[in-house]
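Bear in mind the structure is a predicted one, so any value in this text is a computation, not a measurement.
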Amino acid sequence: MKKYIKLILLFTPMVSLAQQIDRSKAPAPSKAPVIQVGTPASFELANGLKVFVVKNTKLPRVTATIALDLDGFVEGDKAGLANMAGQLLKRGTTTKSKAALDEAVEFLGGSLSTSSQTATVSALKSNFPELMSLMSEVILYPALSKDELEKVRKQTLSGIESSKEDANAISNNVMNKLVYGAQHAFGEMTTAKTVNNVSEEDVKKFFDTYWKPNIAYLVFVGDIEPAAAKALAEKNFGSWKKGTVVKSNFTKPAIPNQTYVAIVDRPASVQSVVAIASTVDLAPGSPDAIPASVMNNILGGGFSGRLFGNLREKYGFTYGAYSSLNPNKQIGIFSAEAAVRNEKTDSSVQELLREINIIRNEKVGEAELLRMKNYLSGGFARSLENPATIANFALNIARYKLPADYYQKYLTNLSAVDANKVQAVANQLLDPAHMHIVIVGNAKQIAKGLEKYGPVKYFDFEGNEVAAPKEAKVDISLTPELLIQKAVEAVGGKEAIAGIQDLQLKGSATIPGFPSPLAVAQTKILPGNAVSVMSMGAMIMMKQSVINGNYAASQQGMAAPITDGIKEEIDASALLVPEVSYLEKGYKLKIVGAEKVEGNDAVDMEVITPSGKVIHRFYDAKSFLLVKTSTSQEVPGRGTATQQEFFNGYQTVNGIQVASEQVIVMGQVKISVKFTDIKVNQGLKATDLK
């Protein structure tokens, strides 16, 4: 009996406690803890090189990084120099060619990477000392050869050319130039002209000026003892001579007197890239940095951000809308961005600005604030699992002169952020009355209505202000039937077309990323037979054909499925002049307007094929030759993908006009095809096709 009485007495306080708990309310958060962040071993060499060592024995691997303490470079008419120099750094030393250096790194099972301000090596512990020696050789004795510089130049120019087809890259480049100013280090734009201005002497001067040990940090992370790291640092970088490096202090960018709209006209765009941006006075580690991070993440830091919930979830304007806030010792930047459907450009700008105003004018709710602080604290805690995080903390404390316990108190400071602080930093940093609104898209379709946000200005893809694009004009008397008649006559007329029995074109295609042009061959044997091949040496990269009603398609030797859509596409490629078949049953035709193509007016005819595929075909308003085609399709999770083909260099062959140049643009990929051998009526038969 006494046993049961004891149990009842023990149980009674628990019942009383349970009765006092209100389970309809979430428990109050506990006080944020002070995190015990590990302190790396650190020391400094006689030449001023500061070294940090974060020991971690989970894997027998070590990584070492050299990082310069610089905020940017003023490059002027040689913009791109720093980036090119960074690439060139790992392309050979005074004793090793690029091939020999690459082979040495590969033999050690390691990796070596460089940039304008960093060099990093990583390898197994047993091979790491040898790899450190290679990094030392790369930094202290780089070859900087002319031949390798030209290869870097070629790759850089190729990247610039590709970026001209990337609306996001255009938006980012123009936005930086307008927000910071063309003379600011962060606003300089790399162009083909500035890249071609870079010489060997410029690269050597760059390294002589900036790569000095007394403004550099060497960070070891991995299975290494501090004593061993110090020995390696002394051995490999003790002879590195220090020097004076003048710290850059850039002029503070001017804030626009009023918000304005900058449009970069891109007629080919089926969606607009919208960015709203401004500079912000926010240094890393400043008292406002953590509240500002909370504010930005609530506004547009991810899937749970307000911008995403508004523009995607509520209205369906876009696949994603986000904001970013990047502190910097010189000057930071805020931006809110989304890629939206053309017809929703005006509405999207309105909603982006509306959300910015709401977070400035209305206090954040406690539940939303708590959820975001929990998210950020969880991310911080997870980051501590990575040893490199400890190294980055040490670097930040050194570079930005932060308090030694800055990261130990991070969670405490995060917990202290309240709705008042979030609203205060939003008002301090974000001013919708003085922002840059940059839009890359089809000006003809998006410009109307944007003037209510401020003056509308136009810029080219290099950020130079230009006149508003002139609207292309079309003959209003044109009907699809009349346009097709003129297009057929422009090619040579029905009689000349009927006289062609076979057509063969041979040439080459230049594709970004391929070291050399690919061979291209197209053969058509009328009626209804065709083979198109793209090859690299003996390797067939792409092939599609229809021979006596038999269809085939392959990519890199792998057969592709033949769908009805593929059949329709191959059948179209077998036609000498597709327009001849457009008046047949099954095609729907409509003249939808006009557009500038390569600066000239072109008539836009919409063609809906029997399968329902929509093709826009553009004909020069004067010659009526085909100058462009455009097709679009929805790609799940990625928005609308558009493929365009441009036709130039028409030549007269046996009385018909044949385009000798063709440019295919798919997103950032631009394929340039040139046919140098065009022959007709060689007496080819379908049996000759392979």
Side-chain angles (χ1 to χ4, degrees), residues 17 20-40 54 280-309 322-329 332-334 336 355-356 358-430:
L17 179 61
Q20 295 172 14
I21 296 174
D22 184 354
R23 298 190 182 278
S24 66
K25 297 180 180 179
S30 59
K31 185 178 179 180
V34 174
I35 298 295
Q36 297 303 313
V37 178
T39 302
V54 179
V280 291
D281 287 317
L282 186 66
S286 65
D288 290 328
I290 294 176
S293 173
V294 174
M295 181 274 295
N296 176 69
N297 276 279
I298 290 173
L299 177 62
F303 297 137
S304 63
R306 293 179 176 182
L307 298 182
F308 192 94
Y322 310 94
S323 65
S324 61
L325 185 62
N326 299 314
N328 187 276
K329 283 195 296 185
I333 186 171
F334 164 82
E355 291 294 350
I356 293 172
I358 288 175
I359 204 164
R360 295 176 77 246
N361 299 326
E362 300 177 13
K363 288 185 179 179
V364 175
E366 286 301 320
E368 186 178 23
L369 178 60
L370 180 60
R371 183 174 65 248
M372 183 51 64
K373 291 198 293 185
N374 287 340
Y375 169 78
L376 293 175
S377 62
F380 178 81
R382 288 191 297 275
S383 73
L384 297 177
E385 298 173 4
N386 185 351
T389 298
I390 308 302
N392 287 332
F393 287 172
L395 271 180
N396 290 341
I397 289 170
R399 293 186 64 182
Y400 304 126
K401 308 296 188 292
L402 304 180
D405 60 355
Y406 180 82
Y407 291 102
Q408 293 178 12
K409 292 184 176 180
Y410 174 81
L411 292 183
T412 301
N413 292 330
L414 176 62
S415 178
V417 175
D418 57 21
N420 290 327
K421 289 184 179 179
V422 170
Q423 186 176 16
V425 293
N427 277 279
Q428 176 185 329
L429 301 176
L430 312 182

- For residues Q423 and R360, report the shortest heavy-atom separation together with the two atoms involved. NE2-O, 3.0 Å
- Spacing of CZ belonging to R306 relative to CD1 belonging to I356, to within rounding of 0.5 Å: 12.0 Å
- CG-CD1 distance between L384 and I390, expressed to the nearest 0.5 angstrom: 5.5 Å
- For Y410, the side-chain contact (heavy atoms from CB on, under 4.5 Å) test, sequence neighbours excluded, returns I290, L376, F380, L414
- Backbone N/O of S383 and side chain of T389: donor-acceptor pair under 3.5 Å: yes
- Here the pair of heavy atoms bringing L402 nearest to G285 is CD2-CA, 3.5 Å
- CD/E355 to CZ/F308 distance, rounded to the nearest 0.5 angstrom? 13.5 Å
- State, to 0.1 Å, how close L282 and A292 come at their nearest heavy-atom pair, and which atoms those are. CD2-CB, 3.9 Å
- Query: Hey, does L430 have a side-chain heavy atom less than 4.5 Å from the side chain of F334?
  - Reply: yes
- Item | From NZ (K373) to CG (N297), nearest 0.5 Å | 13.5 Å
- Closest approach of A336 to L307 (non-hydrogen atoms, all atoms of both residues): CB-CD1, 4.0 Å
- Message: With no hydrogens and no angle check, just 3.5 Å: does a side-chain donor-acceptor pair link Y407 and N396?
- Response: yes
- Task: State which residues pass side-chain contact (heavy atoms from CB on, under 4.5 Å) with E362; sequence neighbours excluded, sorted by chain then number.
- Result: I358
- Side-chain heavy atoms of N328 within contact of I333, under 4.5 Å: no
- Item | Residues forming a side-chain contact (heavy atoms from CB on, under 4.5 Å) with E366, sequence neighbours excluded | L369, A419
- Looking only at heavy atoms, what is the nearest atom pair of P284 and P327, with distance? N-CB, 3.8 Å
- Message: Can you tell me how far apart OG (S304) and CD1 (I298) are? Round to the nearest 0.5 Å.
- Response: 9.0 Å
- Would you indicate whether the side-chain heavy atoms of D288 and M295 approach each other to under 4.5 Å? no
- Query: Take atom OH in Y406; do more than 12 heavy atoms of anything else shown fall under 6.0 Å from it?
  - Reply: yes
- Task: Could you tell me which non-hydrogen atom of A289 sits nearest to which non-hydrogen atom of A283, and how far apart they are?
- Result: CB-O, 4.2 Å
